[in-house]
Amino acid sequence: MPELPEVETSRLGITPHLQGQTIKAIIVRVEKLRWPIPQELQLLVGQRIQSIRRRAKYLLIDTPTGSAIIHLGMSGSLRVLDESISVAKHDHVDLILDNGKVLRYNDPRKFGSWLYAAVGVDHDVLAKLGPEPLTDTFNAEYFSEKTKNKKTVVKQFVMNNAVVVGVGNIYASESLFMAKIHPKTPVGELTQPQILRLVSEIKSVLATAIKQGGTTLKDFNQVDGKPGYFAQELHVYGRAGKACLICQSLIQEEKIGQRNTFWCETCQPYK
DNA sequence: CTAGAGGCCTGCCCGC
DNA sequence: TGCGGGCAGGCCTCTA
């Protein structure tokens, strides 16, 4: 579930439990997730958590000397539990706090990551990321400059983290539908009004999703609480062969860049 | 530079 | 009911 809205929801959910607490221990039960979990992570033991930030889909748990950098991959999730709660299948990492709570990381597919960066050091995984979609640095002028003379199709372009971060497979299709742009349009051919519209729809689709994700905060620290996050109003994603909610045409599905892509041929004509 | 394919893992759903 | 195949919200790496 971890697209940007859920990562942000996780951040908001864990922050009040973690901020100001001291890390008592870090228990790692797997050798590697996406990458080996670095020994340096243990340097955080004894440190006080100052803040929890999000950059792209990474969460950063900051202490005065360094940060844990967490990515949820395809199937990762974080919960705050009492330390006494027993470990379940795929609970790979525990960050144990002074207050008797534990931040517990579960990830069946192990595509996520736990990394470490000393204070002041920019980890490689963060080095080449584009702007945050919900900030002013992601705007039409920036987007126009990036797209100039490029032939990359727009669906893949907006999913490129070097262009803009946090637009995953679901929201790429959804944003393009809202902007009425065909996913296979080469970005160099986008008109100025289309670029304005697309930038604006990416922001609004993500912002709306974050708002909806907020409802999962309530059960965030329940023991077996699952995020009730799926109740999205998706217009095209996962709706192949069904009627478009606007015009009743059948929703199309095709792999673009090895990822399933959904669109309405009528609402999003290929000009 | 880009595009495309492969790979990492497990769970789940579908069809037989 | 059991089993094999295909697919899944991410993203890095290798090849052409």
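Throughout, protein chains are lettered first and strands after them, A, B, ... in sequence-line order, and every chain is numbered starting at 1.
When each of A:L134, A:L198, A:T208 is checked for a side-chain contact (heavy atoms from CB on, under 4.5 Å) with A:K203, only A:L134 meets the rule.
Ion pair A:E254/A:K184 flagged as a salt bridge, since at least one NZ, NE, NH1 or NH2 atom sits closer than 4.0 Å to an Asp/Glu carboxylate oxygen. Ion pairing between a basic and an acidic side chain is recognised when a charged N comes within 4.0 Å of a carboxylate O; A:K57 and A:E6 show no such pairing. Remark: A:K24 does not engage A:D98 in a salt bridge, criterion side-chain N to carboxylate O under 4.0 Å.
Residue A:K89 has a polar side-chain atom (N or O) positioned under 4.0 Å from OP1 or OP2 of B:dG11. Taking only side-chain nitrogens and oxygens, A:K255 comes nearer than 4.0 Å to OP1 or OP2 of C:dA8. Between A:S75 and the phosphate of B:dC9, there is no side-chain N or O to OP1/OP2 separation shorter than 4.0 Å. Not one side-chain nitrogen or oxygen of A:H90 sits closer than 4.0 Å to the OP1 or OP2 atom of B:dC9.
A distance of about 23 Å separates the C1' atoms of B:dG11 and C:dC12, rounded to the whole Å. As rounded to the nearest Å, B:dC9 and C:dC3 have P atoms that lie 25 Å from one another. Comparing the same atom, C1', in C:dG9 and in B:dA3 gives a spacing of 23 Å after rounding to whole Å.
More than 12 heavy atoms of other residues, nucleotides or ligands sit less than 6.0 Å from atom CZ of A:R55. Shown here is A:D136, whose CG atom has no more than 12 heavy atoms of other residues, nucleotides or ligands within 6.0 Å.
Between A:Y105 atom OH and B:dT10 atom P the separation is 13 Å, expressed in whole Å. Between A:K151 atom NZ and B:dA3 atom P there is a gap of 10 Å when expressed in whole angstrom units. Put simply, NZ on A:K146 is 14 Å from C1' on B:dT2, counting in whole angstrom units. Rounding to whole angstrom units, NZ of residue A:K155 and P of B:dG4 are separated by 12 Å. Straight-line distance from the CD1 atom of A:I256 to the P atom of B:dG4: 10 Å, rounded to whole Å. Computed from coordinates, the A:Q156 CD to B:dA5 C1' distance equals 12 Å when rounded to whole Å.
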Which letters describe nucleotides 10-16 of chain C, given B = protein heavy atom under 4.0 Å from base, S = only from sugar-phosphate, - = neither?
BBB----

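Atom CD1 of A:I49 and atom CG of A:L97 lie 5.0 Å apart (nearest 0.5 Å).
Residues A:F143 and A:F157 place their aromatic rings such that the two centres sit under 6.0 Å apart.
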Are A:E189 and A:K151 close enough, and set up right, to give a salt bridge (Lys or Arg N to Asp or Glu O under 4.0 Å), and what steps lead you there?
CA-CA 8 Å; A:E189 294 177 15; A:K151 292 176 182 167; over 6 Å; no

Its dot-bracket string being built from Watson-Crick and G-U pairs below 3.5 Å, with | for another strand and [ ] for crossing, DNA chain B has the pattern .|||||||.|||||||

